[in-house]
Protein chains: 2
Amino acid sequence: MYPESMDLATPGRPKRTAFLLSQLGAVASSRFADRTREIGLTPSDAGVIRLLGRAPGLSQRRLADRLGAVPSRVVSLIDSLQERGLVERVRSSTDRRNYELHLTDAGKRVLRELRGIAEQHEAEILAPLTTEQVTQLGDLLVQLANGHGLDRELHRDVGRERGGAADLTADPGPEPAIGPR
Amino acid sequence: MYPESMDLATPGRPKRTAFLLSQLGAVASSRFADRTREIGLTPSDAGVIRLLGRAPGLSQRRLADRLGAVPSRVVSLIDSLQERGLVERVRSSTDRRNYELHLTDAGKRVLRELRGIAEQHEAEILAPLTTEQVTQLGDLLVQLANGHGLDRELHRDVGRERGGAADLTADPGPEPAIGPR
DNA sequence: CTAAAATAGTTCACCTCTAGAATTATTCTG
DNA sequence: CAGAATAATTCTAGAGGTGAACTATTTTAG
């Protein structure tokens, strides 16, 4: 796209910050997936466990909303976690149509592992930066996220691309989330 | 993962900068895909066209290396672009095993469109930041990319996850690339 | 109070994308 | 020249996910 001659120290050279962001985001996702894989989880699994840890008793429908996933997708996700004894379905006594999803004790243990993994992940990804730079970057990214309405995004369906599962990785902080590829 | 009570203004609250990075990267990839889709291209198509614009005559094998893709993948990519008249295969006269890939005139026109798209994309993604902040972010991301060896990554196979195609979007500057969700 | 609409979950058929093995043609090496 | 290496291609398989149709249950309307 740009002749080699323009690649270095060219004032007028178009920036590629947005592409860099995509690339680094992909690296971060990929490395996180590596880590969760080591304990037998996909990033989607991790997202579900995290969410159920923070909002026990959620129904599949509501879980689907929070993850930005389709209900049928949640079925297989929960099926798999239930088979592994990490999550249990409890029929709601007030509305027998839906389930109340809970982490089992094993699930809670995995959740604790996941916290450790998240910390290591954070440290690994940000390793090239100084402490001040990390703060700086965090502030900039938060500003970007707000600017792009990442918080509210949780409730709408993010167009699945390559990277689709990324939304489930999504970190629903007080509210947040997104999607990939 | 973190109890609601910890979510706001908690000094010891673990940061999620790495996750934010993943999420924003996914947003950026997704929006870029939206833009290329409007001119009938996937992000992978765009990556190929960009690369052939800057390195005409490349063989499929070398293209695969630069994209971090597998040769068979490149076949279908080029097939599709050739069918649309954007790329042409020319048998190398010196080594009849391989092709020399070139953009057609139509392909070059598309490349020009792509440049415009990239600019708009850059502007859209970075819109929430001031000019100084954009510079700041750019510096931080470059440092991160260097720290994670993103430049050399081009030559090794990036584990395909969700969002796999992202690598092809990768911007092989003087050298770069990657893959994600 | 009952028929119809809505809701939660599930199943299933189908799609897209891509990796990886096997195959052919050509060139290089000893 | 024989055999190893290389470029491209084909084909099979598998992961991952969507959306439509179906069942059970609850809510709403007349």
Side-chain angles (χ1 to χ4, degrees), chain A residues 29-30 33 36-37 41-45 47-48 57-83 87-101 157-169 179-181, chain B residues 29-30 33 37 41-45 47-48 57-83 87-101 156-169 179-181:
Chain A
S29 295
S30 171
T36 60
R37 189 178 304 116
L41 299 180
T42 64
S44 299
D45 290 335
V48 170
L58 222 53
S59 71
Q60 291 184 194
R61 188 67 189 73
R62 290 170 72 85
L63 180 59
D65 286 343
R66 292 228 204 170
L67 293 173
V70 83
S72 63
R73 169 95 181 97
V74 173
V75 172
S76 59
L77 233 29
I78 299 295
D79 278 353
S80 147
L81 290 169
Q82 190 176 36
E83 277 165 23
V87 166
E88 55 183 2
R89 287 173 160 110
V90 180
R91 273 292 177 195
S92 165
S93 49
T94 63
D95 184 343
R96 285 176 316 186
R97 279 174 304 185
N98 62 24
Y99 289 114
E100 288 167 0
L101 301 172
D157 201 11
V158 179
R160 297 282 169 295
E161 316 284 314
R162 217 62 303 311
D167 336 36
L168 301 182
T169 302
R181 219 233 242 174
Chain B
S29 296
S30 171
R37 189 178 305 117
L41 299 180
T42 64
S44 300
D45 290 335
V48 170
L58 221 52
S59 71
Q60 292 184 192
R61 187 68 188 75
R62 292 172 72 82
L63 181 58
D65 285 343
R66 291 229 203 171
L67 292 174
V70 82
S72 62
R73 168 97 181 96
V74 173
V75 172
S76 58
L77 234 28
I78 299 295
D79 278 352
S80 146
L81 290 169
Q82 190 176 37
E83 278 166 22
V87 166
E88 57 183 1
R89 286 175 162 109
V90 180
R91 273 293 176 197
S92 164
S93 48
T94 63
D95 183 343
R96 284 176 315 183
R97 282 174 302 183
N98 61 24
Y99 289 115
E100 289 167 0
L101 301 173
R156 46 176 217 94
D157 200 12
V158 179
R160 296 282 170 295
E161 314 285 313
R162 232 51 322 306
D167 338 36
L168 300 181
T169 302
R181 271 174 123 357

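A, B, ... follow the sequence lines: proteins, then strands. Residue 1 opens every chain. Please read all numbers here as calculations on a predicted model, not as lab measurements.
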**Study point:** Residue list, salt bridge (charged side-chain N to carboxylate O under 4.0 Å, His left out) with B:R91, at least two apart or on another chain
**Key:** none
Review point. Picking from C:dT10, D:dA7, D:dT18, which would you name as closest to the side chain of A:R73?
Key: D:dT18
Check your understanding: To the nearest Å, how far apart are B:E88 CD and D:dA8 C1'?
Key -> 18 Å
Study note, to complete from the structure: B:R89 atom CZ is separated from D:dA7 atom C1', nearest whole Å, by 11 Å
Review point. A:S44 has a side chain; which of C:dG9, D:dG17, C:dT11 sits nearest to it?
Key: D:dG17
Exercise for review: Could you tell me the separation between the CG atom of A:L41 and the P atom of D:dG16, rounded to a whole number of Å?
Suggested key: 13 Å
**Study point:** Base-contact (B) and sugar-phosphate-only (S) positions in nucleotides 21-30 of chain C, heavy-atom cut-off under 4.0 Å, - elsewhere
**Key:** -----BS---
Practice item. Not counting sequence neighbours, which residues clear salt bridge (charged side-chain N to carboxylate O under 4.0 Å, His left out) with B:R96? List them please. Key: none
**Study point:** Residues that A:S76 engages under side-chain hydrogen bond (donor to acceptor under 3.5 Å, both in side chains), provided they are two or more places apart
**Key:** none
Check your understanding: Expressed in angstrom and rounded to an integer, what is the separation of A:R62 atom CZ from C:dT7 atom P?
Key -> 14 Å
Check your understanding: Picking from C:dT10, D:dA8, C:dA19, which would you name as closest to the side chain of B:S59?
Key -> D:dA8
Point to revise | A:R89: salt bridge (charged side-chain N to carboxylate O under 4.0 Å, His left out) partners, not counting sequence neighbours | key: A:D79
Study note, to complete from the structure: The side-chain contact (heavy atoms from CB on, under 4.5 Å) partners of B:S92 (sequence neighbours excluded) come to B:T94, B:D95, B:N98, B:E100
